[in-house]
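Report on one structure; see the data block that follows.
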Amino acid sequence: MQERFRPAIKYFGDIISVGQRLLQGARILGIPVIVTEQYPKGLGSTVQEIDLTGVKLVLPKTKFSMVLPEVEAALAEIPGVRSVVLFGVETHVCIQQTALELVGRGIEVHIVADATSSRSMMDRMFALERLARTGIIVTTSEAVLLQLVADKDHPKFKEIQNLIKIHCWTTGLSGKEVQK
């Protein structure tokens, strides 16, 4: 979610907001986050609205997939990694290539549909359909956050619930509406 994509990506402001919510949820739950930036020299860094405080790694790249040796090493340092959550741009390029590469390595992949986009909604739609057909889980931010806590009795449930409520109030949308 880099600055040069802002004018070109559909619903860029919305995906920034949802992406920020996911990062806040990851911080609350202590989930490691790895960020890559596609050719930041030409496309700029991650937009300032995205708070990267506490992320495990921020890595520039030119390859479309984020599966680079440094990312693989960072994943190897996280005990018991069986699944990853992906979001960002562009759905049909970097997200798709990363997801397919991770699935090929035996990792379960969840793509957050309301936090991914492309310049073309046609590209986005066909990428999400293709990914779903390959067994990748296409989901929403609210579903991911609630799946991570799994139970109202989770010690961080209230914080996650408040994060979801704040997002719905600031957007005026429910999780179902954000998907559209």
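Computed from a prediction, not measured in an experiment: that's the story for all the values here.
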Flag, side chain of Gln38 to backbone of Thr62, donor-acceptor distance under 3.5 Å: yes

Short side-chain to backbone donor-acceptor contact, Lys63 and Val67, under 3.5 Å: yes

Over 12 foreign heavy atoms within 6.0 Å of NZ, Lys10: no

Distance (rounded to the nearest 0.5 Å) between Lys158 NZ and Lys152 NZ: 6.5 Å

Lys56 side chain near Val33 side chain, heavy-atom distance below 4.5 Å: no

Of Ile111, Leu86, Thr116, the residue whose pairing with Leu131 passes side chain to side chain contact (heavy atoms under 4.5 Å, CB included): Ile111

Main-chain N/O of Gln2 paired with Glu37 side-chain donor or acceptor, under 3.5 Å: no

Rounded distance (nearest 0.5 Å) linking atom CD1 of Ile50 with atom CD1 of Ile16: 6.0 Å

Closest heavy-atom pair and its distance - Val138, Ala113: CG1-CB, 3.9 Å

Hydrophobic cluster membership, Val71 vs Ile78, 4.5 Å side-chain cutoff: yes

Separation between CD of Glu72 and CD of Glu77, rounded to the nearest 0.5 Å: 12.5 Å

Side chain proximity check, Ile34 to Leu59, heavy atoms < 4.5 angstrom: no

Nearest-0.5 Å distance that lies between atom NZ in Lys156 and atom CG in Asn162: 12.5 Å

Donor-acceptor contact below 3.5 Å, side chain Lys61 vs main chain Phe64: yes

Expected output: side-chain Thr98 to main-chain Met66 donor-acceptor under 3.5 Å: yes

Check against side-chain contact (heavy atoms from CB on, under 4.5 Å), Leu52 and Leu23: CA-CA 8 Å; Leu52 298 179; Leu23 291 174; 4.2 Å; yes

hydrophobic_cluster_shared for Val55 and Ile95, side chain cutoff 4.5 Å: no

From CA spacing to verdict: side-chain contact (heavy atoms from CB on, under 4.5 Å), Leu148, His154: CA-CA 9 Å; Leu148 289 167; His154 187 286; over 6 Å; no

Closest contact, heavy atoms only, Ser141 versus Leu22: CB-CD2, 3.8 Å

Val85 reachable from Val35 in the ILVMFWY side-chain graph, under 4.5 Å edges: yes

Smallest separation among heavy atoms of Leu75 and Val81, with atom names: O-CG2, 3.8 Å

Contact summary for Leu163 and Gln24, nearest pair of heavy atoms: CD1-OE1, 3.1 Å

Glu49 side chain near Gln20 side chain, heavy-atom distance below 4.5 Å: no

Trace of the side-chain contact (heavy atoms from CB on, under 4.5 Å) decision for Val103 with Thr134: CA-CA 9 Å; Val103 164; Thr134 63; 5.7 Å; no

Gap separating the CZ atom of Phe126 from the CD atom of Gln96, nearest 0.5 angstrom: 12.0 Å

Single-linkage hydrophobic cluster, 4.5 Å side-chain cutoff, Ile136 and Met125 together: no

Residue Arg27 excluded, over 12 heavy atoms near CZ under 6.0 Å: yes

ILVMFWY cluster, Met1 and Val93 together (side-chain gap under 4.5 Å): no

Any side-chain heavy-atom pair of Tyr39 and Arg4 under 4.5 Å: no

More than 12 heavy atoms of other groups within 6.0 Å of Gln147 CD: no

Enclosure of Arg82 CZ (heavy-atom neighbours >12, cutoff 6.0 Å): no

side-chain hydrogen bond (donor to acceptor under 3.5 Å, both in side chains) partner of His92, chosen from Ser120, Ser117, Ser118: Ser118

For Ala115 against Gly19, the heavy-atom pair lying closest together: CB-N, 4.3 Å

Shortest non-hydrogen separation from Thr140 to Asp114 and the atoms involved: CA-OD1, 3.2 Å

CG-CD distance between Leu29 and Glu159, expressed to the nearest 0.5 angstrom: 8.0 Å

Test side-chain contact (heavy atoms from CB on, under 4.5 Å) applied to Leu146 and Phe157, step by step: CA-CA 8 Å; Leu146 291 174; Phe157 171 75; 4.0 Å; yes

